[in-house]
Amino acid sequence: MTLELDDLRVRSLGDCRYDSPFAEVLASKRTSPHYVHEDDRVLVDDTVSVLLSRGVPIEALPSLEAAGPRRRIYFDPDATSVGIVTCGGLCPGLNDVIRGIVQELTEHYRVAHIYGFRNGFAGLTSQHRERVVELDLDAVRDINNDGGTILGSSRGDQDPEEMVDTLVERGIDVLFVVGGDGSMRGAMRITREIDARGLDIAVIGIPKTIDNDLPYTDQSFGFQTAFAQATAFIASVFIESQAAENGVGIVKLMGRHSGFIACYAALSNNDADFVLIPEVPFVLDGPNGVLRRVEDHVRRHGQVVVVVAEGAGQDLLEQEGETTDASGNTKLGDIGLFLKERLTEHLTSVDLPPTVRYLDPSYAIRSVPANAYDSVYCVRLAHAAVHAGMAGRTETVVVRWRRRFVHVPMPLITSHRNQVDPDGDLWMSVLEATGQPMSFEP
Ligand SMILES: Nc1ncnc2c1ncn2[C@@H]1O[C@H](COP(=O)(O)OP(=O)(O)OP(=O)(O)O)[C@@H](O)[C@H]1O
Ligand SMILES: O=P(O)(O)OC[C@H]1O[C@](O)(CO)[C@@H](O)[C@@H]1O
Ligand SMILES: [Mg+2]
């Protein structure tokens, strides 16, 4: 993989001219196993073989700027106004992030104003910009107890010129964009418009996706909560299928291009016998196809549980009608219902008439409040985002990479997708736990 150190450098608006409220506490800190000094950097790679293959001196190895408070900051807090927007699909923890940003900005930096833009980037357009809400400690007090986002969200295309007009009108100095790959592309369009006008506005991204499909982040916030919810649905169809004759449990889980939720949920209680994900193609028919394998399993065990990610096996489906949503994301065919039909048909034809229990928990896994682990993660990301913004970083995303909080340039986070590697150890764990064949190919 070619990755130059320069691709990993984040942008800054300029020199930091103000003392940070954290200056004193940071004065004596040095890099340790539990802290990375602001002038130090975190390595991208973590194996000797990859580091050696880079063939460059240590200081030229690909590395990321450490996140966290700075001794000096770019914006004068007394004169700083901040905006927050949440975009794309829901994800557990959005309210924790909003709350964390507001608390940090209020209690430590004491900035002048914090505004929440309603319903994603749409809230920055001329049509909706009046619906902005001012956020203070009271406004965010208990919001972490609820799923969703108090600001609302949306998909769809918006005009960057209109959005920057709104930022200028409100006097926004730092915009926090909480969203997925689409939102980060949207945020980059906003920074391009800011640059074109020569404005002094920082744009900071906080990566959100229950699919866990963004690169350069260990795991995205809300993912753990989402797959834990999914686990309960798998357990239900397992119990149901166990009690029925030729019981077939099928659970379809979210995951457009990445099957992480399906893999983790399946591993969590180990009730699944087959896991089908977008990254690993499969066929239904033939001696090695899914239908025959499931049939064998039902013959031997009297039941079966199949977990399928929504983006799996799309090549097997015929697409009808509109193929993209408002944001340009491909609309998927329903692999869950298709599998249900084909499995029912097949098992009936081989004299194993099944009792099928089919669940598509869909929004039920992403609309819940974050669990304790994700809440901690969210608040720490929120703090890191605030520090980055106040220090004048821009077009920058805060992430957790190899357990360290770091800054990643936005173009890099949208450069490719994080997917389950069929040769990696996660998929190996799934194969070990389920006992399913390595391949369903003929
Ligand atoms: N290619 C793009 N260029 C510019 N802006 C985009 C692009 N794609 C999406 N956006 C903007 O980002 C917003 C959210 O995008 P999208 O609906 O794809 O969700 P997302 O951020 O990818 O989150 P998720 O996939 O987790 O639901 C859209 O409303 C749109 O304003
Ligand atoms: O129905 P919506 O809101 O477009 O969201 C569905 C998609 O959003 C996600 O939750 C996140 O991208 C996907 O897993 C899912 O396909
Ligand atoms: Mg997306």
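All ligand and atom numbering here is 1-based and tracks the order in the structure. For reference, positions follow the sequence shown, starting with 1.
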Chemist: Below 3.5 Å, N or O to N or O, backbone or side chain included: is there any such pair between Asp181 and ligand 1?
Modeler: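 N/O-N/O distance below 3.5 Å exists for this pair.
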
Chemist: Can any side-chain N or O of Asp211 pair as donor or acceptor with the backbone N or O of Asp213 at less than 3.5 Å?
Modeler: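 Here the side-chain-to-backbone pair does not exist.
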
Chemist: When the ring centroid of His128 is compared with that of Phe121, is the distance short of 6.0 Å?
Modeler: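 Centroid distance His128-Phe121: not below 6.0 Å, so no.
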
Chemist: Does Glu65 come within less than 4.0 Å of Arg393, counting only side-chain N to carboxylate O?
Modeler: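 Looking at Arg393 together with Glu65, the answer is yes, because their closest N to O distance falls below 4.0 Å.
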
Chemist: Compute the centroid of each ring, for His383 and then for Phe405, and state whether the two points are separated by less than 6.0 Å.
Modeler: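 Not under 6.0 Å, so no.
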
Chemist: Check contact between Gly120 and ligand 1, using heavy atoms of the residue and a distance below 4.0 angstrom.
Modeler: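 False for this residue.
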
Chemist: Has Thr396 got a side-chain atom pairing as donor or acceptor with Thr394's backbone, closer than 3.5 angstrom?
Modeler: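 Present.
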
Chemist: Determine whether more than 12 heavy atoms belonging to other residues, nucleotides or ligands lie under 6.0 Å from atom CG of Asp315.
Modeler: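 More than 12 heavy atoms, drawn from other residues, nucleotides or ligands, come within 6.0 Å of this atom.
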
Chemist: Look only at interatomic distance and state if Cys87 has a nitrogen or oxygen under 3.5 Å from any nitrogen or oxygen of ligand 1.
Modeler: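 There is no such contact.
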
Chemist: If you compare all heavy atoms of Gly156 against all heavy atoms of Ser327, which two are closest, and at what distance to 0.1 Å?
Modeler: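 Heavy atoms only, the tightest pair is N-OG, 2.8 Å.
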
Chemist: Among all the protein's non-hydrogen atoms, which is closest to atom 2 (P) of ligand 2, and how far away is it?
Modeler: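 Scanning the protein heavy atoms, the shortest distance from atom 2 (P) of ligand 2 goes to Arg155 NH2, 3.5 Å.
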
Chemist: Could you see which bit of Asn329 sits under 4.0 Å from ligand 1, with heavy atoms only: side chain, backbone, both or neither?
Modeler: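 The side chain, only.
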
Chemist: Around atom 1 (N) of ligand 1, find the nearest protein heavy atom and jot down its residue, atom name and distance.
Modeler: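 Of every protein heavy atom, Arg185 CD, 3.6 Å lies nearest to atom 1 (N) of ligand 1.
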
Chemist: Going by heavy atoms in the side chains, are Pro409 and Asp7 under 4.5 Å from each other?
Modeler: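 No - every pair of side-chain heavy atoms lies 4.5 Å or more apart.
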
Chemist: What protein heavy atom sits nearest atom 14 (O) of ligand 2, and how far off is it?
Modeler: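 In this structure, atom 14 (O) of ligand 2 has Asp211 OD1, 2.7 Å as its nearest protein heavy atom.
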
Chemist: Within the 4.0 Å heavy-atom shell around Gly255, which atoms of ligand 2 are there?
Modeler: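 Checking each atom against Gly255, I get 14 (O).
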
Chemist: Do the side chains of Leu8 and Ser63 get nearer than 4.5 Å, heavy atoms only?
Modeler: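 No. Closest side-chain heavy atoms not under 4.5 Å.
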
Chemist: To the nearest 0.1 Å, how far is atom 19 (O) of ligand 1 from its closest protein heavy atom, and which atom is that?
Modeler: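 Scanning the protein heavy atoms, the shortest distance from atom 19 (O) of ligand 1 goes to Arg155 NH1, 3.2 Å.
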
Chemist: Using a plain distance cutoff, I'd like to know if Asp157 has any nitrogen or oxygen under 3.5 Å from a nitrogen or oxygen of ligand 1.
Modeler: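 It does not: no N or O of Asp157 is found under 3.5 Å from an N or O of ligand 1.
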
Chemist: List ligand 1 atoms under 4.0 Å from Lys208, heavy atoms only on the residue side.
Modeler: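 Once the distances to Lys208 are compared, the set is 23 (O), 24 (P), 26 (O), 27 (O).
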
Chemist: Is any side-chain heavy atom of Leu151 closer than 4.5 Å to one of Val133?
Modeler: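 Yes, at least one pair of side-chain atoms sits under 4.5 Å.
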
Chemist: Relative to ligand 1, is Ala326 under 4.0 angstrom through side chain, backbone, both or neither, heavy atoms considered?
Modeler: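 Neither part.
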
Chemist: I'd like to know if Gly180 contacts ligand 2, where contact means a heavy-atom distance under 4.0 Å to any ligand atom.
Modeler: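 Gly180: no contact with ligand 2 (<4.0 Å).
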
Chemist: Report yes if some heavy atom in the side chain of Val397 is under 4.5 Å from a heavy atom in the side chain of Ile204; otherwise report no.
Modeler: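 Contact flag for Val397/Ile204 side chains = no.
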
Chemist: Could you tell me whether the side chain of Ser268 and the main chain of Tyr264 form a donor-acceptor pair under 3.5 Å?
Modeler: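 No, Ser268 side chain to Tyr264 backbone: no donor-acceptor pair under 3.5 Å.
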
Chemist: Quick test of your reading of the structure: of Gly156, Ser327, Ser153, whose heavy atom lies closest to atom 30 (C) of ligand 1?
Modeler: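 Checking each option, the heavy atom nearest atom 30 (C) of ligand 1 is found in Gly156.
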
Chemist: Contact between Thr209 and ligand 2, counting heavy atoms under 4.0 Å?
Modeler: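 No, Thr209 has no heavy atom closer than 4.0 Å to ligand 2.
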
Chemist: Are the side chain of Asn95 and the backbone of Ile143 linked by a donor-acceptor contact shorter than 3.5 Å?
Modeler: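 Between the backbone of Ile143 and the side chain of Asn95 there is a qualifying donor-acceptor contact (under 3.5 Å).
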
Chemist: Report yes or no: does Gly328 have a heavy atom closer than 4.0 Å to ligand 1?
Modeler: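 The answer is no, since Gly328 has no heavy atom less than 4.0 Å from ligand 1.
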
Chemist: When only distance counts, is Gly179 in polar contact with ligand 1, meaning an N/O pair under 3.5 Å?
Modeler: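 It does not: no N or O of Gly179 is found under 3.5 Å from an N or O of ligand 1.
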
Chemist: What protein heavy atom sits nearest atom 16 (O) of ligand 2, and how far away is it?
Modeler: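 For atom 16 (O) of ligand 2, the nearest protein heavy atom is Glu310 OE2, 2.4 Å.
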
Chemist: I need the atoms of ligand 1 closer than 4.0 Å to a non-hydrogen atom of Gln158, numbered in the order shown.
Modeler: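 Within the 4.0 Å cut-off of Gln158, ligand 1 contributes 29 (O), 30 (C), 31 (O).
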
Chemist: Please list, in number order, the atoms of ligand 1 under 4.0 Å from a heavy atom of Ser154.
Modeler: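 By the 4.0 Å cutoff, the relevant atoms are 29 (O).
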
Chemist: Side chains of Leu124 and Arg129: does their closest heavy-atom pair fall under 4.5 Å?
Modeler: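 With C-beta onward as the side chain, the pair stays apart.
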
Chemist: Enumerate the atoms of ligand 1 whose separation from the nearest heavy atom of Gly180 is less than 4.0 angstrom.
Modeler: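 Listed by number with element, the hits are 20 (P), 21 (O), 22 (O), 23 (O).
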
Chemist: Which bit of Arg189 gets closer than 4.0 Å to ligand 1, counting heavy atoms only: side chain, backbone, both or neither?
Modeler: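 Side chain only; the backbone of Arg189 stays clear of ligand 1.
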
Chemist: Could you identify the single nearest non-hydrogen protein atom to atom 1 (O) of ligand 2 and state the distance to 0.1 Å?
Modeler: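 That would be Tyr363 OH, 2.5 Å.
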
Chemist: In terms of residue, atom name and distance, what is the protein heavy atom nearest to atom 10 (O) of ligand 2?
Modeler: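 Answer for atom 10 (O) of ligand 2: Arg366 NH1, 2.8 Å.
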
Chemist: Less than 3.5 Å between some nitrogen or oxygen of Gly182 and one of ligand 1, yes or no?
Modeler: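 Yes, Gly182 has an N/O under 3.5 Å of an N/O on ligand 1.
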
Chemist: Between Gly88 and ligand 1, is there a nitrogen or oxygen pair with a distance under 3.5 Å?
Modeler: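 In fact, backbone or side chain, Gly88 has no N or O that close.
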
Chemist: Could you identify the single nearest non-hydrogen protein atom to atom 14 (C) of ligand 1 and state the distance to 0.1 Å?
Modeler: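 The answer is Ser183 OG, 3.4 Å.
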
Chemist: Would one find an N, O or S atom of Asp181, in either backbone or side chain, under 2.8 Å from the Mg ion (ligand 3)?
Modeler: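 True for Asp181.
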
Chemist: Would you say the side chain of Val379 lies within less than 4.5 Å of the side chain of Asp96, judging by non-hydrogen atoms?
Modeler: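 Counting from C-beta outward, Asp96 and Val379 never come under 4.5 Å.
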
